[in-house]
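Here is the structure we will look at, set down as structure tokens.
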Amino acid sequence: MLRLSGRGGAGLRAAIALAESSPGLRIALISKVYPMRSHTCAAEGGAAGVIKSDDSLEHHFNDTVGGGDWLCDQDAVDYLVQQAPRELIQLEHWGCPWSREPNGSVAVRPFGGMKKQRTWFAADKSGFHILHTLFQTSLQFPSIQRFDEYYATDLLVDDGRCQGLTAIEMRSGQMRHFHARAVIVAGGGAGRMFPFTTNGAIKTGDGMALAYRAGVPLKDMEFVQYHPTGLPSTGTLLTEACRGEGGVLLNKNGRRFLQDYGMGPETPLGKPVFKTMELGPRDRVSQAFWHEQKKGNTVPTQWGEAMLLDMRHLGEKTINERLPLVRDVSISYMGVDPVTDAVPVRPVVHYMMGGIHTDIRAATPLAGLFAAGECACVSINGANRLGSNSLTELLVFGRRAAMSAVGYLECGRGAGNDGALGALADAAQARIRALIQRSGGKESVAGLRKEMMQTMEQHAGIYRTGEGLAEACGKLADLRRRYAAIELHDRTNVYNTDLLQALELGSMLDCAEAVAVSALARKESRGAHQRLDFPERDDKNFLRHSLAAFNPSAPPRVDYRDVVITKSQPGVRDYSGGHQ
Ligand SMILES: Cc1cc2nc3c(=O)[nH]c(=O)nc-3n(C[C@H](O)[C@H](O)[C@H](O)COP(=O)(O)OP(=O)(O)OC[C@H]3O[C@@H](n4cnc5c(N)ncnc54)[C@H](O)[C@@H]3O)c2cc1C
């Protein structure tokens with residue numbers, strides 16, 4: 001049997017590939033929410049893959065590697081761009097309703113940091129349609145058995161290999177053991193470490209923490225992506241497609257200020273020009289906002305400072321056709337209709353470039369354990385992900401993880417030692433029981449979570465300093481210690497959300513410490529990691545991936561490994577005129 005933890009886009013894509021390639025396998029799909037509630041459902045803008053005749057795999061490769069500030073593994077990027085069109089066409093064949101050109105061919109839209117139009121989309125509900133397509137396709141395979149609302153707590157590692165996991169069945173509160181010959185983790189991101197994020201409440205880094213505690217390092221965790229355009233009221237995303245369709249960003253004086261930050265010259269209104277101005281990459285645009293705020297050029301709102309996203313010139317027809325969700329959420333959550341008014345927006349935590357260390361086959365260093373999707377770092381995103389590469393990544397590497405797992409099973413070692421696995425599962429269960437029963441604890445989940453979020457926002461945001469990061473490391477180490485003293489209010493079994501939130505907090509604290517410690521150690525500025533005290537990129541010392549290794553009672557140790565460079569030597573990221 002093969003287990004998958006996580007059933008968002010990556011988990012479902014992996015399950016389908018497994019079922020197709022090895023019909024005899026028994027596949028367990030384990031997820032803490034129903035499939036369609038996974039975060040992939042919220043993705044708006046689209047998925048990148050070369051399809052038009054003026055584009056090429058080489059362009060997609062170069063945009064991705066340059067966009068990632070040369071921290072991407074180039075063999076992995078090569079694989080991504082080659083496989084992308086195949087995966088997107090496969091989705092089409094499974095029924096994904098991609099938006100169309102008038103002549104019936106697949107439509108693509110411009111996206112930030114991309115030199116050509118290559119982002120496939122289904123209006124601005126691309127993730128919703130992708131996830132539906134994958135979920136419905138998965139239903140035709142009887143070998144895929146779903147375990148909805150099961151919360152994975154621990155990997156079972158014996159004999160130097162991963163042989164299953166334990167999970168709490170939420171409905172009953174019972175701990176279930178899943179013995180398996182291989183496990184693929186597809187648990188999604190960890191944006192909830194921060195208070196202001198586009199991420200759904202379930203994105204608490206559980207998948208990363210599962211692997212990390214089992215001895216697999218977390219790679220490049222210091223790279224946290226801010227998306228430039230979230231609604232200040234809620235953090236709800238206004239997709240980059242707003243700018244892909246021609247929306248512009250203004251400061252309080254009505255100036256398209258990105259031209260003042262190396263992303264000019266100003267482009268004609270309503271005609272986005274590739275890789276410049278509003279189609280600059282997310283790290284640069286978010287950083288420009290930070291500077292505008294310092295200069296006093298931002299617009300005050302009741303939720304803090306903002307800039308304005310102006311789409312009025314696109315007209316009601318285009319907005320309704322291409323950006324219906326954007327119009328809906330702007331009206332619902334800000335009371336602003338983009339057809340008649342510019343919408344206040346500000347940078348918001350969106351995506352983790354880092355994650356579980358895997359090789360190009362989506363294999364982790366732990367035998368029998370594979371990882372794909374946002375929880376993994378196969379390293380196609382480097383220091384800054386380009387918008388629309390993530391949906392593609394979860395398809396390409398979800399499938400790749402499945403193929404690698406099948407290969408592993410074929411040359412496989414036999415069944416594990418049931419006695420040893422049972423003892424490990426019992427230990428996991430005892431840990432949870434002790435947490436439920438603990439009394440006299442001084443700490444609350446909500447209290448610690450708030451302190452963690454404040455620490456991350458204050459010290460691990462768009463710009464960082466050594467001093468601030470050192471403070472964050474100290475604070476997070478302290479919070480991890482205090483976590484041992486939390487007390488739950490709910491000791492019942494059925495849907496004990498108090499328990500689940502406590503476990504999620506544990507995952508987030510581990511991930512947050514990996515972010516802060518890796519960020520403190522990286523004494524340079526690259527992509528989304530900007531140090532005010534080390535403002536330059538330092539290829540001599542830091543053209544390397546960081547690897548944070550878990551330690552239960554101390555901060556993680558950070559090691560480094562070389563970036564795979566095949567054909568693109570590090571250069572200058574130039575977004576000033578549409579050419580790299
Ligand atoms: C608002 C928004 C818009 C976005 N728009 C785009 C876009 O247009 N284009 C693009 O390329 N990217 C976009 N992204 C990024 C992209 O959507 C995500 O990176 C991607 O969908 C992650 O997919 P995933 O399969 O890795 O994880 P998810 O879809 O988040 O799924 C994770 C799964 O893991 C399960 N899980 C987690 N922890 C546990 C546990 N302890 N036990 C059991 N199960 C667990 C969950 O139940 C879930 O099924 C967007 C992200 C957001 C937040």
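Just follow the structure's listing: the first ligand is 1, and inside any ligand the first atom is 1. Values below: every heavy atom of this structure, side chains too, minus hydrogens, waters and symmetry copies.
In terms of modelled atom types and a separation under 3.5 Å, the side chain of Trp120 and the main chain of Gly49 share a donor-acceptor contact. At distances below 3.5 Å, at least one donor-acceptor pair connects side-chain atoms of Glu240 with backbone N or O atoms of Gly112. A distance-only check finds no donor-acceptor pair linking the side chain of Thr40 to the backbone of Gly127 [under 3.5 Å]. Put simply, the side chain of Glu374 never gets that close to the backbone of Gly354: no donor and acceptor are under 3.5 Å apart.
Shown in contact with Tyr150 at under 4.0 Å from a heavy atom are these atoms of ligand 1, numbered in order with element: 42 (N), 43 (C). Under a 4.0 Å criterion applied to the non-hydrogen atoms of Gly45, ligand 1 contributes the atoms 7 (C), 8 (O). Taking a cut-off of under 4.0 Å to the non-hydrogen atoms of Val33, the atoms of ligand 1 that pass are 47 (O). Numbered from 1 in the order shown, with element, the atoms of ligand 1 that lie under 4.0 Å from a heavy atom of Gly373 read 26 (O). For ligand 1, the atoms lying closer than 4.0 Å to a non-hydrogen atom of Ser388 are 9 (N), 10 (C), 11 (O). Listed by number with element, the atoms of ligand 1 under 4.0 Å from a non-hydrogen atom of Thr198 are 53 (C). Taking every non-hydrogen atom of Ala186 and a distance limit under 4.0 Å, the qualifying atoms of ligand 1 come out as 32 (C), 33 (C), 34 (O). Per-residue contacts place Thr40 under 4.0 angstrom from the following atoms of ligand 1 (heavy atoms of the residue considered): 20 (C), 21 (O), 22 (C), 23 (O), 24 (P), 25 (O), 28 (P), 29 (O).
Considering Lys115, Lys275, Arg385 as possible partners of Asp63, the one that fulfils the salt bridge (charged side-chain N to carboxylate O under 4.0 Å, His left out) test is Lys275.
Residue-to-ligand polar distances keep Lys203 apart from ligand 1: every N/O pair is separated by 3.5 Å or more. Below 3.5 Å of separation, one finds an N or O of Gly8 facing an N or O of ligand 1. Below 3.5 Å of separation, one finds an N or O of Ser31 facing an N or O of ligand 1. Every N/O-N/O distance between Cys375 and ligand 1 stays at or above 3.5 Å.
Figure legend: cation-pi geometry between Arg243 and Phe111 absent, as NZ or CZ is not positioned both under 6.0 Å from the six-membered ring centre and within 45° of its axis.
When all heavy atoms are compared, the tightest approach of Ala306 to Phe289 is C-CE1, 3.7 Å.
Compare Glu393, Lys32, Arg13, Gln225 by their heavy atoms: the one nearest to atom 39 (C) of ligand 1 is in Lys32. The heavy atom nearest to atom 5 (N) of ligand 1, out of those in Gly200, Ala43, Ala371, is found in Ala43. One option in Arg37, His39, Glu44, Glu149 has a heavy atom closer to atom 52 (C) of ligand 1 than any other, and that option is His39. Residue nearest to atom 9 (N) of ligand 1, selected from Ser390, Gly187, Gly46: Gly46 (by heavy-atom distance). The option from Ser126, Ala190, Ala152 that lies nearest to atom 42 (N) of ligand 1, judged by heavy atoms, is Ala152. Taking all heavy atoms of Ser38, Ala10, Gly235 into account, the minimum distance to atom 48 (C) of ligand 1 is reached by Ser38. Of the options Glu374, Lys125, Met170, Arg385, the smallest heavy-atom separation from atom 19 (O) of ligand 1 is shown by Glu374.
A search for side-chain hydrogen bond (donor to acceptor under 3.5 Å, both in side chains) contacts involving Asp498 returns nothing, not counting sequence neighbours. Listed by chain and number, the residues in a ring pair (Phe, Tyr, Trp, His ring centres under 6.0 Å) with Phe194 amount to none (sequence neighbours excluded).
Note on ligand 1: Gly127 sits outside its first shell, no heavy atom being nearer than 4.0 Å. For the pair Met352 and ligand 1, no heavy-atom separation below 4.0 Å is found. Using a 4.0 angstrom heavy-atom cutoff, Thr239 does not count as in contact with ligand 1. Distances from ligand 1 to the non-hydrogen atoms of His350 include at least one value under 4.0 Å. No heavy atom of Gly189 sits closer than 4.0 Å to any atom of ligand 1.
Side-chain contact of Ser507 with Asp206: a donor-acceptor pair under 3.5 Å is present, judged by distance alone. In this model, a donor atom of one side chain and an acceptor atom of the other lie less than 3.5 Å apart for Thr64 and Asn389. A donor atom on one side chain and an acceptor atom on the other are found under 3.5 Å apart for Thr204 and Lys32. If you check the side chains of His177 and Thr166, you find no donor sitting under 3.5 Å from an acceptor.
Residues Tyr79 and Phe397 bring their aromatic ring centres within 6.0 Å. Residues Phe147 and Phe178 place their aromatic rings such that the two centres sit under 6.0 Å apart.
Under 4.0 Å from ligand 1, the heavy atoms of Leu394 that appear belong solely to its side chain. Under 4.0 Å from ligand 1, the heavy atoms of Asn389 that appear belong solely to its backbone.
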